[in-house]
Visitor: 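Would you mind keeping the following structure in view while I ask a few things?
Remember, it's a predicted structure, so these values are computed and weren't measured experimentally.
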There are 2 protein chains.
Amino acid sequence: MTERVVPPAERRRRRPTKQGVVLSEELIVATALRLIEEHGAEALSVRRLGRALGADPSSLYRYFRHTDDLLLAVADELIGRTLRDWRPTGDWRADLRDLGLRVHSGALGHPRAAVLSAYRVTGRVHEIQAVETILGVLRGAGFPDPEAVRVYHAFVDQALAFSALDAAGAALPKPARDAENAVWQATYARLPAGTHPNIAATARHLVADMRHSSYPTALEMLLSAAEARLFEIRGRA
Amino acid sequence: MTERVVPPAERRRRRPTKQGVVLSEELIVATALRLIEEHGAEALSVRRLGRALGADPSSLYRYFRHTDDLLLAVADELIGRTLRDWRPTGDWRADLRDLGLRVHSGALGHPRAAVLSAYRVTGRVHEIQAVETILGVLRGAGFPDPEAVRVYHAFVDQALAFSALDAAGAALPKPARDAENAVWQATYARLPAGTHPNIAATARHLVADMRHSSYPTALEMLLSAAEARLFEIRGRA
DNA sequence: CTTCACAGGTCAACGGTGTTGTCATAAGGT
DNA sequence: ACCTTATGACAACACCGTTGACCTGTGAAG
């Protein structure tokens, strides 16, 4: 085997598969995404994807060097869909809040694909655009470059990490999800004050609070800390 | 096949394998951990574990219903090891920092088990103890109950979410991990200032910063925000 | 002691996975 | 109409988790 993957720009021969489908990177990614949403992340395999496309599994290796490449393309498509129509307002804190919440709720909308892709650095167009945008917001706000990068990194990783965490929860089968919720009522809310004074004292708040994602709180805290740091920097200048 | 897994308490027959090894839940978990440590996360498969133990792979199904069960047992062992010798110092911020970093580095040491277990609420002893401890630290610091619960939730989820995120990165097969690192040098560091001014301006910092986990930064920011909130509350009192 | 139920180790098989080397063919430029 | 070659198809490899049937040694009961 020589070189198998041909860059999209040079693809011209549009030869259909035996079942009459004309393959393309876009079609493959879209089908993979559909497969994940409909049958779960574990339903995505080269062979199943080939079957869903009406093509031999090995054909996919003409478009992606290996499964990992394909997953990165899927992840990037997700980023693109999430940020497609976002525009900055000029208020850096509001902008970052909005971006973070968008990513988070986008992930909850496609939980299984989100879990799969939140971990990866794709280096593809949509991701690059997101990086450029966020760095622009921070530098525009007055963060010096090293600080802007540090805050960028924490902000992005926090958004991705919470997205994956909450998406994984949302992707659980319903009975399992109910069971997890019940643990707080059935186990924690019933611990005696003698052995577990702090849980007993806060049980009421725990039961109420643990139902929701803590991402909004964590995001707000990160933004507050960033703002405090910004004041500090301005004060020194 | 009737019921395959017998609860440990009822195990009495200590029949050695063909190669003379006497199996036990403890031995299997310990060997699995060793395998992960020595040959990387991807080296853990039922078949390889069987080989390492000197037993037929199918023997393991007498002790664990499936691979997930085994990994949870490994994870539980990990939690135990992580919190075994931790003691509070009385300085709430230092205590929370230490706890967060411990959980995080514990997860990095055993990425595959960590990824699996970070998402689940177990309601088991170790978890309950951790909840009680952290709430105690926060209430002792002077956070009123609702605030203590909110900060607790954000703190714990952040620790788990970043642990899962970074553990997933560490669990990638080596070539994929190298590829991710290379993206920052090969792609981001070479974008022209014309189209991507913010990336171009900070490329040097990006390449340096993205190699490391952002959890320490994010954790510190969360603690700073919590402390600021605490001052605010005290000032009002 | 001997007996004997059965826990638990083994074997073989099933259906799945990613990946690759080789081959066949139709598309597109000439 | 021809020729090149991109690209799809096929078959094979080495792995994976899991299961049902089988066999054997253990440990307790008589």
Visitor: Provide, to the nearest angstrom, the distance between the OH atom belonging to A:Tyr61 and the P atom belonging to D:dC10.
Guide: 17 Å
Visitor: Taking the side chain from A:His126 and the backbone from A:Asp76, do they hold a donor-acceptor pair closer than 3.5 Å?
Guide: yes
Visitor: For D:dT24, take OP1 and OP2 only and decide whether either is under 4.0 Å from a side-chain N or O of B:Lys18.
Guide: no
Visitor: Side chains of B:Ser213 and B:Asp166: any donor to acceptor distance under 3.5 Å?
Guide: yes
Visitor: Heavy atoms from C-beta onward define the side chain here; which of C:dG18, D:dG17, D:dT26 lies closest to that of B:Pro16?
Guide: D:dT26
Visitor: Please tell me which of the listed nucleotides, C:dG9, C:dA24, D:dT18, lies nearest to the side chain of B:Leu23?
Guide: C:dG9
Visitor: Tell me if the side-chain of B:Ser45 makes a donor-acceptor pair with the base of D:dC15, cut-off 3.5 Å, by modelled atom types.
Guide: no
Visitor: For B:His205 and A:Asp145, does a side-chain donor sit closer than 3.5 Å to a side-chain acceptor?
Guide: no
Visitor: Using atom CG of A:Leu53 as one end and atom C1' of D:dT7 as the other, report the distance to the nearest whole Å.
Guide: 15 Å
Visitor: Please work out if B:Thr17 contacts a base, only the sugar-phosphate, or nothing of the nucleic acid, heavy-atom cut-off 4.0 Å.
Guide: sugar-phosphate
Visitor: What is the separation between atom NE2 on B:His66 and atom C1' on D:dC16, rounded to the nearest whole Å?
Guide: 16 Å
Visitor: Are any of A:Ser59's side-chain N or O atoms less than 4.0 Å away from OP1 or OP2 of D:dT7?
Guide: no
Visitor: In whole angstrom, give the distance that lies between atom CD of A:Glu42 and atom P of D:dG17.
Guide: 16 Å
Visitor: Establish whether the base of D:dG8 is bridged to the side chain of A:Arg62 by a donor-acceptor pair shorter than 3.5 Å.
Guide: yes
Visitor: Quick one: which of C:dA7, D:dA9, D:dG20 gets closest to the side chain of B:Ser58?
Guide: D:dG20
Visitor: Looking across every strand, which nucleic acid part, if any, lies under 4.0 Å from B:Thr67 by heavy atom: base, sugar-phosphate, or nothing?
Guide: sugar-phosphate
Visitor: Taking only N and O in the side chain of B:Tyr63, is any of them less than 4.0 Å away from OP1 or OP2 of C:dG9?
Guide: yes
Visitor: Atom CZ of A:Phe64 to atom P of C:dG18: distance rounded to whole Å?
Guide: 14 Å
Visitor: Choose from D:dT7, D:dT18, D:dC16 the nucleotide whose nearest atom is closest to any side-chain atom of B:Arg48.
Guide: D:dC16
Visitor: Send over the distance from A:Asp56 CG to C:dC23 C1', rounded to a whole Å.
Guide: 13 Å
Visitor: Measure the distance from CG on A:Leu71 to C1' on C:dT17 and round it to the nearest whole Å.
Guide: 14 Å
Visitor: Under a plain distance cut-off of 3.5 Å, with no hydrogens placed, do B:Tyr188 and A:Glu127 share a side-chain donor-acceptor pair?
Guide: yes
Visitor: Could you check B:Asp98 against B:Arg87 for salt bridge (Lys or Arg N to Asp or Glu O under 4.0 Å), going step by step and ending with a plain yes or no?
Guide: CA-CA 10 Å; B:Asp98 187 39; B:Arg87 293 291 175 277; over 6 Å; no
Visitor: When only distance counts, do a donor and an acceptor, one from the side chain of A:Arg47 and one from the base of C:dG16, lie under 3.5 Å apart?
Guide: no
Visitor: Could you state the atom-to-atom distance from CD of B:Glu25 to C1' of C:dG9 in whole Å?
Guide: 17 Å
